[in-house]
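Working notes, beginning with the structure itself.
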Amino acid sequence: MSSQSSFPDAPASTPLIESTFENNLRLMWQVIFGLMLRESRTRYGTSDLGYLWALIDPAVQMVVFWIIFTMMGRGVPVPTSMPEFLVTAMLPYFFWRNCTVRGASAASANLPLLTYPQVKVFDVVVARVLLDAATIVVVVIIFVVALKFLLGLPFTGWLRDPIVLAEAVFTLFYFSFCSAILSSSLGRIWSQWAVVFSYASRPLYFTSGIFFTLGELPSSFRALAVYNPIAHMLEWIRSGAIPGFISNLYDPLYIYGWATIMLFIGLVIDWVLRAIGHSEESH
Amino acid sequence: MIELIDIEKTYQGKQGRIHVLRGVTSTFARGESVGILGQNGAGKSTLLRILTGTERPSYGKVRRHVAVSWPLGFSGSFAGSLTGAENLRFVCRIYGADIDEVTDFVTEFSELGPSMHEPVKTYSTGMKSRLAFSLSMAVRFQVYVIDEALAAGDVAFQRKCKKIFNERRSGSDVVMVSHSIDMIKEYCTRAGVLHGGKLTMYDTIDEANEVYMRVVS
């Protein structure tokens, strides 16, 4: 321990400090990418089996409701099989829900990481939504392949109109991201938000059109259901995916309106919290 | 250079707002290392968190023109389920540091060896602090921030810590909070006392210590 050479070569890395637009953008991507990789390893513990839950959960629910509906003698309201009818709405619904639930705890569950000043709550939310998006894409592919081999549902049976579907999926990602941002802001100012959301959102599972299409509702019910942007969302996705199902009952503008207002409120709360030097708390 | 301009910091406590900092204005120039003395609860750690950018002040402005470290030896961000090497990669990514370089350096300096590839939750306290300290030394900062503790591990490792830290200091400055005047004398060129939510800087460390002693008693 006497000579200088007892130390290994020191890395020469120096963090970026110059605050230019380009540097800030690169730094933000570094942070989001790092958070995504970290979260992908910690979300379900170290066991790779954990990711199976992202598959098992919707699969079980699909099978359960398939059995219930078959026993009730309820037909499929669109020209396809019951599994496709359920999957085209359940997976998007779970995606939105997961994003919003994970948004609620984005700050409180990552307090130690916020010690690094370049890590912002916003980055955590973006990383979580991106990771969920990557997960849902894989889950969808597995479902499509599995239903092809188990029930003979052709791959083209998921692509009535690829462009409409692409627009709908993009909108789902945007809507869920906005919802997650608002949820993260509410979670920071109200410690009970995560619990409240998990209860308050339960009725949405049954009223968002996972189990029906807007077209088959009696007009008095439909007049209420169309206030729910998620019902629009699911109708749009089905309309892009299911051959023979074309709906004009969804309104893209209504979904974008909701999404953008949620994003705006979420960002305003975030901005106010930063301006007043809010200290994050663990719940 | 770091400038603090009229920094106020309040927290929402159970029984109303707690006013921790009441107008701190100070400049930490390049080339000078600053020690901050203060009693428990005087707001030293809060001041450090504002200096590093972890927290924002309730009121006032912070200007930072240098790369400021996280508090030396900070291990709170380590996920127990991840290995030492995986935890290190996250920090490298967010600081844009070279992962291979840092991994080689930390593996060797921390003397963790194959344990680098074991989950951190299996580490002893000493192993964890060795990992954290080595990582702190793997990124070049212009200002290193110390919250009370500098060295990690056993006596031999602590000696090693101090030695490499002294090498790092040749091109960097230090801001430390401590109630040990010896530590401040060893690493700082200037000192101040944080009391009643205000920071008063003194020309010599001895002068700061005298004031601090009067405050304590």
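Everything numeric here is computed off the predicted structure, so don't read it as measured data. Each chain gets a letter, A, B and so on, in the order the sequences are listed, and its residues count up from 1.
Here the CG-CZ distance, from N87(B) to R41(A), works out to 10.5 Å after rounding to the nearest 0.5 Å. Rounded to the nearest 0.5 angstrom, R56(B) CZ and H278(A) NE2 are separated by 13.0 Å.
With Q118(A) contributing its side chain and I94(B) its backbone, the two residues share a donor-acceptor pair below 3.5 Å.
Ranked by non-hydrogen atom pairs under 4.5 Å with chain A, the options R49(B), R89(B), K9(B) are led by K9(B). Per-residue heavy-atom pair counts under 4.5 Å with chain B were compared for N110(A), V119(A), L35(A), and the maximum is reached by L35(A). The candidate from P71(B), G76(B), S58(B) with the greatest count of non-hydrogen atom pairs under 4.5 Å with chain A is S58(B). Of all the listed residues (Y59(B), Y11(B), F78(B)), the one sharing the greatest number of non-hydrogen pairs under 4.5 Å with chain A is Y11(B).
Pairing each heavy atom of Y95(B) with each of P117(A), the nearest pair is OH-CD, 4.2 Å. Across every non-hydrogen atom of Q30(A) and G96(B), the tightest pair is OE1-N, 3.5 Å. Annotation for S77(B) and Y116(A): closest pair OG-OH, 2.7 Å, computed over non-hydrogen atoms.
In this structure, chain B has a heavy atom under 4.5 Å from the side chain of L37(A), while its backbone stays farther away.
Around atom CH2 of W193(A), more than 12 heavy atoms belonging to other residues, nucleotides or ligands sit under 6.0 Å away.
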